[in-house]
Enquirer: 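Dumping the structure here so I can ask a few things about it.
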2 protein chains.
Amino acid sequence: MRISGAESLIMEALWANHPTTAEDIFARVAPGRGWSETTVKTLLARLVGKKAVDTEREGRRYLYRPLLAREAYVESESREFIDRMFGGRVAPLVSHFSAREKLSPEDIAELKRLLAEIDDGQ
Amino acid sequence: MRISGAESLIMEALWANHPTTAEDIFARVAPGRGWSETTVKTLLARLVGKKAVDTEREGRRYLYRPLLAREAYVESESREFIDRMFGGRVAPLVSHFSAREKLSPEDIAELKRLLAEIDDGQ
DNA sequence: CGTTACCGTCTACACGTGTAGTCAATAGGT
DNA sequence: ACCTATTGACTACACGTGTAGACGGTAACG
């Protein structure tokens with residue numbers, strides 16, 4: 001089930017803090033977006049419909065919690081993106097950024113660390 | 001100007017071979033998609049409207065050529081994706097793939113080569 | 001117990017997108 | 001010069017998405 005752009009903002013808020021109320025999500029997401037409360041509710045309802053979010057009644061309101069794990073979401077989005085853009089391989093993407101000097105020193109350090117780790121594993 | 005998913009397939013065909021005719025693009029893109037010829041024409045027209053593709057008359061038909069460079073497209077899509085998914089940094093993405101053993105030996109070799117290259121540059 | 005405030009649901013609407021049919025212009029062949 | 005085949009333009013339509021108003025049920029408070 002596809003998560004749209006606006007919906008993914010709601011998911012981010014939920015991943016950061018759950019279970020929680022629509023009001024809380026509204027408070028944390030809407031300011032940066034200028035969304036009305038209804039918009040947040042609509043998006044939540046759609047996510048529940050898509051089975052990406054689960055609800056649990058708490059008094060007169062719902063508590064929302066993510067059903068879709070962020071890991072799984074990142075995984076499928078990444079795969080799709082890398083397939084579309086870089087023929088399914090990771091190195092060309094890194095190469096692309098490296099060629100444009102968009103790699104920060106921290107990036108470079110961490111990449112080295114990762115590769116060393118992989119070598120250790122072998 | 002945003003390029004949609006279907007449109008990006010047309011762009012790929014154009015990047016691979018240009019300038020060329022709608023018929024040629026149809027021949028190369030439609031089979032894998034089951035698109036009708038009109039669909040390809042519509043997408044081309046939209047891309048021309050978005051100024052991502054340029055036309056030049058050749059007899060009774062057009063020759064199409066990309067106006068938007070693939071480099072620029074990849075750049076902006078990548079940036080947006082990395083911002084959305086990994087807080088704007090490349091290393092977490094690689095780390096994500098590395099953790100799932102989705103890095104091919106070629107990926108790893110190329111990453112090493114890239115890092116060595118960067119070191120040389122310093 | 002009745003009223004009120006809150007909160008989710010229903011409804012709505014414009015716009016982009018995926019997909020394609022019909023039409024009109026015109027280049028080319030005879 | 002005329003007919004025809006080709007090719008882009010116009011039109012269309014359903015569906016997802018971004019965005020939000022209106023409404024109705026029900027929990028809570030008095």
Side-chain angles (χ1 to χ4, degrees), chain A residues 1-14 18-68 73 76-77 80 84, chain B residues 1-14 18-68 73 76-77 80 84:
Chain A
M1 204 57 52
R2 189 116 229 97
I3 306 295
S4 81
E7 285 163 3
S8 81
L9 293 193
I10 304 286
M11 291 305 292
E12 290 291 349
L14 271 175
H18 63 264
T20 189
T21 64
E23 195 194 4
D24 170 59
I25 295 175
F26 171 69
R28 284 188 297 129
V29 173
R33 270 271 154 166
W35 280 343
S36 85
E37 213 166 333
T38 325
T39 298
V40 171
K41 305 251 190 82
T42 301
L43 291 170
L44 275 169
R46 286 182 184 166
L47 286 167
V48 170
K50 289 179 180 181
K51 304 228 191 293
V53 167
D54 199 14
T55 62
E56 169 195 345
R57 242 199 159 102
E58 187 231 31
R60 80 172 126 197
R61 55 171 116 185
Y62 280 139
L63 291 184
Y64 297 87
R65 91 178 62 235
L67 255 188
L68 172 65
Y73 174 69
S76 76
E77 292 291 308
E80 193 187 317
R84 212 201 260 330
Chain B
M1 204 57 51
R2 190 115 229 97
I3 306 295
S4 82
E7 285 162 2
S8 81
L9 292 193
I10 304 286
M11 291 305 292
E12 291 291 349
L14 271 175
H18 63 264
T20 189
T21 65
E23 194 193 4
D24 169 60
I25 296 175
F26 171 68
R28 284 188 297 127
V29 173
R33 272 269 152 166
W35 280 344
S36 86
E37 213 166 335
T38 326
T39 299
V40 171
K41 304 254 190 81
T42 301
L43 291 171
L44 275 169
R46 286 183 184 166
L47 285 166
V48 170
K50 289 179 179 181
K51 303 228 191 294
V53 167
D54 199 14
T55 63
E56 169 195 345
R57 253 212 146 93
E58 187 231 32
R60 79 173 127 197
R61 55 172 116 184
Y62 281 138
L63 291 184
Y64 297 87
R65 91 179 61 236
L67 255 188
L68 172 65
Y73 173 70
S76 76
E77 292 291 308
E80 193 186 317
R84 211 202 261 328

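Lettering follows sequence order; numbering is per chain, from 1.
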Enquirer: If I take atom CD in residue A/Glu23 and atom P in nucleotide C/dG8, what distance separates them, rounded to the nearest angstrom?
Expert: 9 Å

Enquirer: A/Val40 vs A/Glu23, test: side chain to side chain contact (heavy atoms under 4.5 Å, CB included). Steps then yes/no.
Expert: CA-CA 9 Å; A/Val40 171; A/Glu23 195 194 4; over 6 Å; no

Enquirer: Can you name the residues that form a side-chain hydrogen bond (donor to acceptor under 3.5 Å, both in side chains) with A/Glu12, not counting sequence neighbours?
Expert: A/Arg70

Enquirer: Sequence neighbours left out, what passes salt bridge (charged side-chain N to carboxylate O under 4.0 Å, His left out) with B/Arg57? Give chain and number order.
Expert: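 Here no residue qualifies.
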
Enquirer: Which distance, rounded to the nearest 0.5 Å, do you find between the OG1 of A/Thr38 and the CG of A/Leu43?
Expert: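 Interatomic distance, A/Thr38 OG1 to A/Leu43 CG, rounded to 0.5 Å: 10.5 Å.
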
Enquirer: Considering only heavy atoms, which members of residues 2-9 of chain A lie under 4.0 Å from some atom of DNA chain C?
Expert: none

Enquirer: Between the side chain of B/Ser36 and the main-chain N/O of B/Thr39, is any donor-acceptor distance below 3.5 Å?
Expert: yes

Enquirer: According to salt bridge (charged side-chain N to carboxylate O under 4.0 Å, His left out), does anything in residues 36-52 of chain B pair up with another residue at least two apart or in another chain? List the pairs.
Expert: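 Matches after skipping sequence neighbours: B/Glu7-B/Lys50.
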
Enquirer: If I take atom CG in residue A/Leu43 and atom P in nucleotide C/dT9, what distance separates them, rounded to the nearest angstrom?
Expert: 13 Å

Enquirer: State which residues pass ring pair (Phe, Tyr, Trp, His ring centres under 6.0 Å) with B/Tyr62; sequence neighbours excluded, sorted by chain then number.
Expert: none

Enquirer: Contact boundaries of DNA chain D with chain A (under 4.0 Å, heavy atoms), 5' to 3'?
Expert: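 Endpoints of the contacted stretch of DNA chain D: D/dT17 to D/dA28.
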
Enquirer: Have a look at A/Tyr64 and say if it touches a base, only the backbone sugar-phosphate, or nothing, with a 4.0 Å heavy-atom cut-off.
Expert: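 If one applies the 4.0 Å heavy-atom cut-off, A/Tyr64 turns out to touch the sugar-phosphate alone, with no base involved.
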
Enquirer: Let me have the donor-acceptor pairs involving side chains of residues 28-35 of chain A, under 3.5 Å, with sequence neighbours excluded, atom names and distances please.
Expert:
residue	atom	partner	partner atom	Å
A/Arg28	NE	A/Asp24	OD1	3.3
A/Arg28	NE	A/Asp24	OD2	3.3
A/Arg28	NH2	A/Ala13	O	3.2
A/Arg28	NH2	A/Asp24	OD2	2.9

Enquirer: With A/Ser76, which residues qualify under side-chain hydrogen bond (donor to acceptor under 3.5 Å, both in side chains), at least two apart?
Expert: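 A/Ser76 satisfies side-chain hydrogen bond (donor to acceptor under 3.5 Å, both in side chains) with no residue once adjacent residues are dropped.
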
Enquirer: So which protein N/O to nucleotides 20-22 of chain C N/O distances come out below 3.5 Å?
Expert:
residue	atom	partner	partner atom	Å
C/dA20	OP2	B/Ser36	N	3.1
C/dA20	OP2	B/Thr39	OG1	2.9
C/dA20	N7	B/Thr42	OG1	3.3
C/dA20	N6	B/Thr42	OG1	2.7
C/dG21	N7	B/Thr38	OG1	3.4

Enquirer: How would you list, by chain and number, every residue that makes a side-chain hydrogen bond (donor to acceptor under 3.5 Å, both in side chains) with B/Glu56, sequence neighbours excluded?
Expert: B/Arg65

Enquirer: Among residues 50-62 of chain B, which residues get a heavy atom nearer than 4.0 Å to DNA chain D?
Expert: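 Of all residues in residues 50-62 of chain B, the ones placing a heavy atom under 4.0 Å from DNA chain D are B/Arg60, B/Arg61, B/Tyr62.
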
Enquirer: Nearest whole Å is fine: how far is C/dT19 C1' from B/Leu47 CG?
Expert: 15 Å

Enquirer: Of the non-hydrogen atoms in A/Ile3 and A/Ser8, which two are nearest, and what is the gap between them?
Expert: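 So the minimum-distance heavy-atom pair works out to CG2-N, 3.8 Å.
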
Enquirer: Between P on C/dT19 and CD1 on B/Ile10, what's the gap in Å once rounded to a whole number?
Expert: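 Rounded to whole Å, this separation is 10 Å.
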
Enquirer: Output all residues satisfying side-chain hydrogen bond (donor to acceptor under 3.5 Å, both in side chains) with B/Thr21, sequence neighbours left out; order by chain, then residue number.
Expert: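 Partners of B/Thr21 under the side-chain hydrogen bond (donor to acceptor under 3.5 Å, both in side chains) test: none.
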
Enquirer: Are any non-hydrogen side-chain atoms of A/Leu47 and A/Leu67 less than 4.5 angstrom apart?
Expert: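 No, every pair of side-chain atoms sits at 4.5 Å or beyond.
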
